[in-house]
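First comes the structure, then the notes that go with it.
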Amino acid sequence: MPELPEVETVKNGLAPVWLNQTIRRVELRRENLRYPFKPDFKETLEGARVTQMSRRGKYMIVSLNKGQHLIIHLGMSGSFKIEGSLYVPVKHDHVLFYLSNDKTLIYNDPRRFGFMVLVEDIEVYPPFKIMGPDPLGNDFNAPYLKRKFKTLETPIKTALLNQSLIAGIGNIYACEALHMAGISPLKPVQKISLSKLELLTQSIRDVLFKAIEVGGSSLKDHRQADGSLGYFQHQFTVYGRENALCLTCKRETNHIKRIVQAGRSTFYCPHCQR
DNA sequence: CGGGCCACCTGGCGGC
DNA sequence: TGCCGCCAGGTGGCCC
């Protein structure tokens, strides 16, 4: 499910229910997600109050009054539900947080690529140490990309997925942003001009903001925390549209193409994207 | 060091 | 209906 817009949506949906509440009890319905839960996981969380909720790239951060931070990654299929205190777990409900407001937060994750980790210090968490700037923030701009891309031969699509260059972009929004900017996913990053990079950074911001506005993309698993679906999938211009007409050039001779780059599907219009 | 490949895991879908 | 292969929003380890 979750790229930056989906994680942002989930965080914003959980915040009104979770923020300032005490976690009365944590129920682990298995011993691991992607990684085993640390022995003190449950004990540390129980009795703690949530003082802040934030996001870094595709990670959600739940900060506690005791000083620790609960870091949550949704993997490919992780989602949250908000229910009452009498909720009965269903398949793939792995972690339940019972809160002081009698709400229950349920983490469901069929594929279990997601994970939860407790850390004392956010800044030393390895994924954050190597993470690039957030594309919605001020540190992300064309000159930054120009500098980073200078010596790289990687195709731009692959580079956009590299979390140490830019945090939070995944397969959908990489494809969508490149289409909006009219840049071929195959283009080696070295060769992209500063003015094209200006266009690209703006396209990335545009597509992410628009997706957040409508609650992210619901393909299979993603739901907003209140259970409602996101709607951005209806606005995909290339993702998942192999052989369909490009909505920009509408040329019958140049339909949307699907290729594989670094093991992931890339969708693009060979006519509009050069 | 960069880049490619594959594993991790479950489920949905299309083809036969 | 059933089985099989392929595909899926991510990350990270291993190998060259």
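Just so it is clear, the structure is predicted and the values come from calculations on it, not from any experiment. Naming convention: chains lettered A, B, ... in sequence-line order (proteins, then strands); numbering from 1 in each chain.
- Within the structure, side chain to side chain donor-acceptor pair (under 3.5 Å) contacts touching residues 125-136 of chain A (residues at least two apart or in different chains) are A:R55-A:D134.
- Of the residues in residues 88-96 of chain A, those placing a heavy atom less than 4.0 Å from an atom of DNA chain B are A:K91, A:H92, in numerical order.
- If you measure from atom NZ of A:K150 to atom P of B:dG2, you get 17 Å, rounded to the nearest angstrom.
- Between A:Y59 and A:H73, the ring planes are perpendicular. Angles over 60° get that label, and only those under 30° would be called parallel.
- Residue contacts shown for A:Y173 are absent, as no nucleic acid heavy atom lies under 4.0 Å away.
- Ring geometry, A:W18 versus A:F80: the interplanar angle falls from 30° to 60°, so the pair is classed tilted.
- Checked options A:R24, A:K103, A:E27; the residue passing with A:Y98 is A:E27 (criterion: side chain to side chain donor-acceptor pair (under 3.5 Å)).
- Of all nucleotides present, none satisfies the Watson-Crick or G-U wobble test against B:dC9 with each distance under 3.5 Å.
- In this structure, CG of A:N108 is placed 11 Å from C1' of B:dT10, rounded to the nearest angstrom.
- Checking the phosphate oxygens (OP1, OP2) of B:dC9, no side-chain nitrogen or oxygen of A:S77 falls inside 4.0 Å.
- A:R112 contributes no side-chain N or O that forms a donor-acceptor pair with the base of B:dC9 under 3.5 Å.
- Residue A:H73 places its side chain closer to C:dG10 than to any other of C:dG10, B:dC9, B:dG3.
- Residue A:G170 is in sugar-phosphate contact alone, with no base atom involved, counting any heavy-atom pair closer than 4.0 Å across all strands shown.
- Between A:L74 atom CG and C:dT11 atom C1' the separation is 13 Å, expressed in whole Å.
- Separation of the P atoms belonging to B:dC13 and C:dG9 is 16 Å when rounded to the nearest angstrom.
- Ionic pairing of A:R34 and A:D109 is not present here: no N-O contact between side-chain nitrogen and carboxylate oxygen is shorter than 4.0 angstrom.
- For A:Q163, the listed nucleotide lying nearest its side chain is C:dT11; candidates were C:dG10, B:dC9, C:dT11.
- Among the atoms of the strands shown, only primed sugar atoms or phosphate atoms (P, OP1, OP2) are found under 4.0 Å from some heavy atom of A:Y35.
- At whole-Å resolution of the value, CG in A:D109 and P in C:dA8 are 18 Å apart.
- Closest-nucleotide positions on DNA chain B for A:E153 and A:N32 were compared, and the one nearer the 5' end corresponds to A:E153.
- Taking atom CG on A:N162 and atom C1' on B:dG3, their separation rounds to 11 Å, with Å as the unit.
- Nearest nucleotide to the A:E3 side chain, out of C:dT11, C:dG10, C:dA8: C:dG10.
- Note on A:R56 versus A:E123: salt bridge recorded, some NZ/NE/NH1/NH2 to OD/OE distance being below 4.0 Å.
- For C:dT11, the base has a donor-acceptor partner in the side chain of A:R34 [N/O atoms by modelled type, under 3.5 angstrom].
- Counting any heavy atom pair closer than 4.0 Å across all strands shown, A:T154 reaches sugar-phosphate atoms only and no base atom.
- At whole-Å resolution of the value, NZ in A:K157 and P in B:dG3 are 14 Å apart.
- For A:R258, the side-chain atoms get nearest to C:dC7 when compared with the rest of C:dG12, C:dG9, C:dC7.
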Which donor-acceptor pairs under 3.5 Å do the side chains of residues 147-158 of chain A make with protein atoms, sequence neighbours left out?
unit_1 : atom_1 : unit_2 : atom_2 : d
A:K157 : NZ     : A:N171 : OD1    : 2.8
A:K157 : NZ     : A:S265 : O      : 3.3
A:K157 : NZ     : A:T266 : OG1    : 2.8

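- If you take CD of A:Q261 and P of B:dG4, they are 9 Å apart, rounded to a whole angstrom.
- Remark: P of B:dG14 and CD of A:E242 are 14 Å apart, rounded to the nearest angstrom.
- C:dG2 is paired with B:dC16 under the Watson-Crick or G-U wobble criterion, all donor-acceptor distances under 3.5 Å.
- If you check C:dG10, C:dA8, C:dG12 against the side chain of A:R264, the one that comes closest is C:dG10.
- Going from the P atom of C:dC14 to that of B:dC9 covers 16 Å, rounded to whole Å.
- When distances are taken from the side chain of A:P110 to each of B:dC8, C:dG9, B:dG11, the shortest belongs to B:dG11.
- Salt-bridge check for A:K210 with A:E213: failed, with every basic side-chain N at 4.0 Å or more from each acidic carboxylate O.
- Of the candidates C:dG10, C:dG9, C:dG12, C:dG10 carries the atom nearest the A:F113 side chain, counting heavy atoms from C-beta on.
- A donor-acceptor contact closer than 3.5 angstrom links the side chains of A:S100 and A:Q21.
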